[in-house]
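On a predicted model such as this, the values are computed, not experimentally measured, just so you know. First listed ligand is number 1; within each ligand, the first listed atom is number 1.
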Amino acid sequence: MTYDIAVLKGDGIGPEVMDEALKVLNALGTPSLAFAEYPCGAGCYLEQGDPLPEATVEGCGRADAVLLGAMGLPHVRWSDGTEMRPQVDLRIKLDLYAGVRPIYLYAAAHTPLKGLEAGDIDFVILRENVEGLFASMNGGIQLRGEVAVDSMVITRSGTERVVRYAFELARQRGRTPMKVTCVDKANVFRSMAFFRSVYDEVAAEYPDVERDYAYIDALSMYLVQQPAGYDVLVAENMYGDIISDLAAGLVGGLGLAPSGDIGEEAAVFQPSHGTAPDIAGQGKANPVAMILSAALMLRWLGQRHGDLEAASGADRIEEAVSAVIGEQGAGTPDLGGGLNCRELGERIVQAL
Ligand code: ATP
């Protein structure tokens with residue numbers, strides 16, 4: 001079987017990191033992948049007047065999976081001053097409700113924390129991807145230039161499905177103990193108390209998985225003080241967005257943080273980072289987050305199609321990354337290394 005993969009390179013460092021991920025996927029040999037590239041992003045808006053053309057959305061909907069680099073540029077904005085975020089629009093159009101963000105420490109040297117070894121940090125953030133505070137995107141209220149309101153939107157069905165995904169993921173990971181942490185601010189906001197009550201209802205279906213609760217502010221401290229204590233964390237959209245960056249900082253930064261945006265019918269795999277305009281075009285971008293996102297894609301394809309070759313492709317990529325940035329200590333400048341984006345990509349291809 002050949003999988004059709006839609007490729008959205010996007011803006012800034014998106015094309016640079018994508019090129020390395022495609023090299024790695026091609027070097028695997030199996031599974032067979034056919035890539036089709038589609039225009040998108042702020043550059044596409046400047047050329048075609050639309051950052052996410054309908055043909056691109058349709059191509060993504062038809063594909064078996066989507067690989068996305070990064071989109072948006074600070075100087076390309078809508079008339080209300082907000083930046084274009086076609087990657088967020090795509091999540092909503094394809095209903096990619098589960099933002100899966102694995103956080104793994106590949107080398108002790110990557111963390112600013114003391115006394116940790118490779119593998120000591122190993123958890124997954126489940127970010128609800130299509131509602132929460134982001135439901136107000138492009139729809140918040142601004143009155144007379146003196147009042148602005150964005151609302152937190154929490155639905156029962158939206159919360160149920162992402163919490164269920166979190167519990168299923170905890171079972172798949174099979175840690176001892178299996179645990180899902182509900183991240184909220186249930187002591188203050190009605191929306192968050194509701195989120196927690198739905199979490200409790202779903203948790204009752206998983207008596208083998210430990211329940212855990214943390215307020216978002218306290219969690220920000222616990223993640224720094226005791227990151228080894230977490231397995232799967234589930235949070236509404238904005239909280240998930242913020243703790244994803246915090247957690248990436250614990251294991252070496254955004255250049256090492258992959259993600260999958262997953263729905264019932266489609267999935268988009270992209271690094272957690274943005275377009276990094278400050279380093280774009282200079283060869284300084286770390287391609288590992290994009291390469292690990294490609295591995296997540298293979299693991300998802302493997303599960304969805306019962307395809308052992310695809311699943312083993314994911315393992316092989318992760319092992320090659322581990323060998324290069326872990327054991328060999330090689331890296332781009334963000335990891336304190338002297339390699340450029342292409343050189344690091346090539347090292348990973350060689351390790352494969
Ligand atoms: P967005 O809001 O679109 O997620 P952002 O404002 O969080 O984007 P990023 O583009 O992710 O910003 O960049 C944040 C910082 O991290 C920048 O200093 C950038 O250079 C750095 N960075 C991001 N990705 C990488 C990468 N792959 N390699 C090296 N540095 C990176």
Side-chain angles (χ1 to χ4, degrees), residues 8-24 40-45 51-52 67-78 81-91 99 101-103 106-107 109-110 112 125 127 129 132-134 137-138 237-261 268-296 321 324-325 330-345 347-348:
L8 278 55
K9 292 188 174 179
D11 306 301
I13 62 171
E16 303 167 41
V17 296
M18 180 69 78
D19 286 346
E20 300 314 310
L22 296 180
K23 279 184 211 163
V24 169
C40 64
C44 176
Y45 169 78
L52 190 64
L67 279 177
L68 191 156
M71 297 199 235
L73 290 173
H75 61 280
V76 184
R77 290 176 184 252
W78 300 113
T82 58
E83 240 181 79
M84 289 173 194
R85 314 202 72 79
Q87 69 279 27
V88 183
D89 298 331
L90 190 62
R91 278 176 209 153
R101 282 133 183 248
I103 299 292
Y106 280 96
H110 295 164
I125 295 169
R127 170 185 175 184
N129 247 351
L133 198 53
F134 278 69
M137 205 180 64
N138 307 327
N237 211 333
M238 186 74 226
Y239 294 170
D241 189 22
I242 295 170
I243 57 172
S244 297
D245 277 26
L246 170 67
L250 300 177
V251 295
L254 289 169
L256 296 182
S259 84
D261 294 327
V268 175
F269 297 86
Q270 63 177 338
S272 293
H273 60 72
T275 53
D278 53 329
I279 56 167
Q282 300 167 38
K284 292 181 183 165
N286 184 342
V288 167
M290 183 75 241
I291 291 168
L292 291 173
S293 302
L296 288 182
V321 165
V324 173
I325 65 169
T332 36
D334 57 310
L335 300 180
L339 300 182
N340 65 31
C341 182
R342 190 175 40 77
E343 289 165 341
L344 182 51
R347 287 274 185 106
I348 294 167

Q: Measure the shortest side-chain to side-chain distance between Leu339 and Arg347 over non-hydrogen atoms and say whether it is less than 4.5 angstrom.
A: yes
Q) In Å, rounded to the nearest 0.5 Å, how long is the span from CG of Leu344 to NZ of Lys284? A) 15.5 Å
Q) Any side-chain heavy-atom pair from Cys40 and Pro86 closer than 4.5 angstrom? A)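 Not touching, per the 4.5 Å side-chain cut-off.
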Q) Side chains of Pro271 and Ser293: does their closest heavy-atom pair fall under 4.5 Å? A) yes
(Q) So, taking the atom named OH in Tyr106 and the one named CG in Leu292, what distance separates them when rounded to the nearest 0.5 Å? (A) 4.5 Å
Q.
For the CG atom of Asp261 and the CZ atom of Arg127, what is their distance to the nearest 0.5 Å?
A. 7.5 Å
Q: Kindly tell me which protein residues have any non-hydrogen atom under 4.0 angstrom away from an atom of ligand 1, grouped by chain and ordered by number?
A: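 These residues qualify: Ile13, Arg85, Leu254, Gly255, His273, Gly274, Thr275, Ala276, Asp278, Ile279, Ala285, Asn286, Asp334.
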